[in-house]
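Here the structure is laid out as structure tokens; the discussion comes afterwards.
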2 protein chains.
Amino acid sequence: MQAVIEALRDHFRVDHLVYHWVDSAGDQYGCGTYSDDWRDRYIEQNYVRLDPVIIGCYSRFHPVDWKRLDWSGKAVRAFQAEAIEYGVGNQGYSIPIRGPNGQFALFTASHNCDDQAWTVFIEKNRRDLLLIAHEFNRKALEFEPDRAPEVARQLSPREIDAMTLLAMGYNRAQVADSLSISEHTLRVYIESARAKLGAMNTTHAVARALSRGLIVV
Amino acid sequence: MQAVIEALRDHFRVDHLVYHWVDSAGDQYGCGTYSDDWRDRYIEQNYVRLDPVIIGCYSRFHPVDWKRLDWSGKAVRAFQAEAIEYGVGNQGYSIPIRGPNGQFALFTASHNCDDQAWTVFIEKNRRDLLLIAHEFNRKALEFEPDRAPEVARQLSPREIDAMTLLAMGYNRAQVADSLSISEHTLRVYIESARAKLGAMNTTHAVARALSRGLIVV
DNA sequence: CCGCCCCCCGCTATTTTTGGGGAGTGGAAA
DNA sequence: TTTCCACTCCCCAAAAATAGCGGGGGGCGG
């Protein structure tokens, strides 16, 4: 994969191309053309929690130019300065890629140039980048099958109802009332949902159901 | 949008193109070239809970040929027969599109032909279909901005830590221990996060933090 | 400088949730 | 047909979360 991404970088004539996987446990995996120093630094400092590219793409539908992200905040600006120092370009374009169970990856192109040149580049290449991002993601999953086939046991309709209402802030009594069942029955649903999700408590179960896309609030 | 999708259908020379948004709350929205009768029937019967295209794409990363879905089960086969009766093609290719918070849409091409012809068609057009699916989804969201997620007030770093660990399933004692603060202090963070998020309880706060992308678990 | 927010700590009392049990129905799949 | 699984209901004791009160120190921007 490393050779592929380097070839793609040369093809697009950008400074960097990076594929970066972030999973629900906070594990990271990726390959790309950033320097090893920067990658190590990034992981060591746990920048994934700070990086506006991650944060921004996580709550966005569409590919995004880094210029449109929120770079305010002292820590963020320090991070940005450090990134540029380590050779990350001042421009960037990141494509969020999502899979089942909240699986999430980014495909990023980064370069050093002025705004206008970058805009032109993106306008010209965004379609190809989108296709390649998805194709690359597919290949990456083929090579790392462990990441994909996380057993996504479906919740039963009643369990979905229960989780959804809990995620909406109702307590058990209110949820039971909404569903017109006894609180005891509701508890069985919550417990079985928790078991299916491998969660330690209700909050955990709701969090997992949300990040796996099993419920929507 | 309706005119656009009809033009696209004619361009690809397939029987149907459909864009179908669905979330686990059961809300649906879409446009496409299926007959109104079938659409009404589909909604009325709540087929979204049965449809192997929905179920299958929901747990899959990549676009999928309908042939590879699981059509076993009595109700499913009845559904399939009924769909064909209403004019849906015997072949189909569906592209899952995901957004933040488990938001989920499908872009589907369907046609009546034999397996081989369909395979050739897909091989030839899958790239274009992927691009168009994403582009169409973007346009659809522009017209329906309500569906896009809201951006929200930032949490403090400590609040993010607290929410994150709670979302990972730890209880307050464990979280306090992880953060090396007293449980009483932790409680203040949780409460302030809850206030900022307008949440009724901890589970609600974690759910909101997650779905607003303020924390990543 | 002052106000605001972030960071940290303490107490008590009440309400809610959780973790163990157990039991019976009906429907769908193998 | 038999075996699952979803769905419904029940009890009790222990643990966890919530609501209310109080305190102090530090940094940053108007």
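The distance from atom CG of D161(A) to atom C1' of dT8(D) is 15 Å, rounded to the nearest whole Å. Summarising the geometry, the separation between CG on D177(B) and P on dA16(D) is reported as 13 Å, rounded to the nearest angstrom. Summarising the geometry, the separation between CG on L179(B) and C1' on dC8(C) is reported as 12 Å, rounded to the nearest angstrom. Straight-line distance from the NE2 atom of H184(B) to the C1' atom of dG20(D): 13 Å, rounded to whole Å. When the C1' atom of dC6(C) is taken as reference, atom CG of L155(B) falls 13 Å away, rounded to whole Å. The distance between atom OH of Y189(B) and atom C1' of dA17(D), rounded to the nearest whole Å, is 19 Å. As rounded to whole Å, 14 Å separates atom C1' of dT18(D) from atom CD of Q174(A).
Listed nucleotides dA6(D), dC7(C), dG10(C) differ in distance to K196(A); the shortest reach to its side chain belongs to dA6(D). Taking every side-chain heavy atom of S156(A) into account, dC7(D) is the closest of dC7(D), dC9(D), dC7(C). Here the nucleotide nearest the side chain of R158(A), chosen from dC7(D), dC9(C), dC6(C), is dC7(D).
Within a 6.0 Å sphere centred on NZ of K124(B), other residues, nucleotides and ligands contribute 12 heavy atoms or fewer.
Residue-level contact check: T185(B) touches the bases, meaning some heavy atom is under 4.0 Å from a base atom.
A centroid separation of less than 6.0 Å is found between the aromatic rings of Y42(B) and H20(B).
Side-chain N/O atoms of S192(A) and E159(A) include a donor and acceptor closer than 3.5 Å. Defined by atom type and a distance below 3.5 Å, a donor-acceptor pair is missing between the side-chain atoms of D37(A) and Y86(A).
R127(B) and E135(A) are not joined by a salt bridge, as no carboxylate oxygen comes within less than 4.0 angstrom of a charged side-chain nitrogen. Between R68(A) and D65(A) there is no salt bridge, since no side-chain nitrogen of the basic residue lies less than 4.0 Å from a carboxylate oxygen of the acidic one.
Among pairs with a residue in residues 176-190 of chain B, those fulfilling salt bridge (Lys or Arg N to Asp or Glu O under 4.0 Å) read R172(B)-E183(B), R187(B)-E191(B), at least two apart in sequence or across chains.
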Contact pattern, 5' to 3', of nucleotides 14-22 of chain C - B, S or - by protein heavy atom under 4.0 Å: ---BBBB--
